[in-house]
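Worksheet: the structure to be examined is printed underneath.
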Amino acid sequence: MDCNDYQRAALRTARDVDAPDEFMHLVLGLVGEAGEVAEKVKKLVRDHGSDLDRLDRDDMAAELGDVLWYTAVLASFLGLSLDDIAQGNVTKLADRQRRAALGGSGDHR
């Protein structure tokens with residue numbers, strides 16, 4: 001499945017774009033799901049000494065799927081193609097790698 005196929009499939013389970021406060025709903029949903037990923041990692045650190053062998057990869061896959069869903073639907077809400085976003089990100093990172101600027105911080109390095 002390519003990114004745009006996934007985006008179209010995700011939209012079949014999304015609320016109507018005209019739903020009240022839909023933009024805020026999508027942004028907060030994305031942040032919440034990313035927080036659930038972080039929470040699982042926090043518990044791995046706290047309870048299992050960061051032992052990646054103890055990480056429940058099925059749970060992580062489910063949470064990452066939720067992050068992906070919100071990303072795809074939010075992109076669509078903004079009129080953006082998930083394929084274009086993915087390609088743009090890879091292009092940006094390849095440019096940073098070519099310039100030895102992968103480290104550091106800031107979007108415009």
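Every heavy atom of this structure was used, including side-chain atoms; hydrogens, water molecules and symmetry mates were not.
Contacts classified as side chain to side chain donor-acceptor pair (under 3.5 Å) and involving residues 68-78 (residues at least two apart or in different chains) are given here: T13-W69.
Distance alone, capped at 3.5 Å, is enough to place a donor-acceptor pair between the Q7 side chain and the L82 backbone. Within the 3.5 Å criterion, the main-chain N or O of D83 finds a donor-acceptor partner in the side chain of N4.
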Donor-acceptor list for residues 84-91 side chains, cut-off 3.5 Å, not counting sequence neighbours:
residue: Q87; atom: NE2; partner: T91; partner atom: OG1; Å: 3.1
residue: T91; atom: OG1; partner: Q87; partner atom: O; Å: 2.9

Pair up each side-chain donor or acceptor in residues 94-101 with any protein partner under 3.5 Å, not counting sequence neighbours, and list the distances.
residue: D95; atom: OD1; partner: R98; partner atom: NH2; Å: 2.4
residue: D95; atom: OD2; partner: R99; partner atom: NE; Å: 2.9
residue: D95; atom: OD2; partner: R99; partner atom: NH2; Å: 3.0
residue: R96; atom: NH2; partner: D107; partner atom: O; Å: 2.6
residue: R99; atom: NH1; partner: R109; partner atom: O; Å: 3.1
residue: R99; atom: NH2; partner: R109; partner atom: O; Å: 2.5

Distance-only check: which donor-acceptor pairs under 3.5 Å involve side-chain atoms of residues 17-31, not counting sequence neighbours?
residue: E22; atom: OE1; partner: R15; partner atom: NE; Å: 2.7
residue: E22; atom: OE1; partner: R15; partner atom: NH2; Å: 2.7
residue: E22; atom: OE1; partner: H25; partner atom: ND1; Å: 3.2
residue: E22; atom: OE2; partner: H25; partner atom: ND1; Å: 3.4

TODO: Check step by step if side-chain contact (heavy atoms from CB on, under 4.5 Å) holds for D56 and K40.
DONE: CA-CA 9 Å; D56 187 326; K40 290 186 180 303; over 6 Å; no

Task: salt bridge (Lys or Arg N to Asp or Glu O under 4.0 Å) assessment of D51 paired with R54 - done: CA-CA 6 Å; D51 181 0; R54 303 287 302 269; 5.4 Å; no

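In this structure, the separation between CG on L55 and NZ on K43 is 13.0 Å, given to the nearest 0.5 Å. Rounding to the nearest 0.5 angstrom, the gap separating the CG atom in L52 from the CG atom in L44 is 6.0 Å.
Under the rule for a side chain to side chain contact (heavy atoms under 4.5 Å, CB included), the partners of V37 that lie at least two apart in sequence or sit in another chain are M60, E63, L64, V67. For K92, there are no side-chain hydrogen bond (donor to acceptor under 3.5 Å, both in side chains) partners at least two apart in sequence or on another chain.
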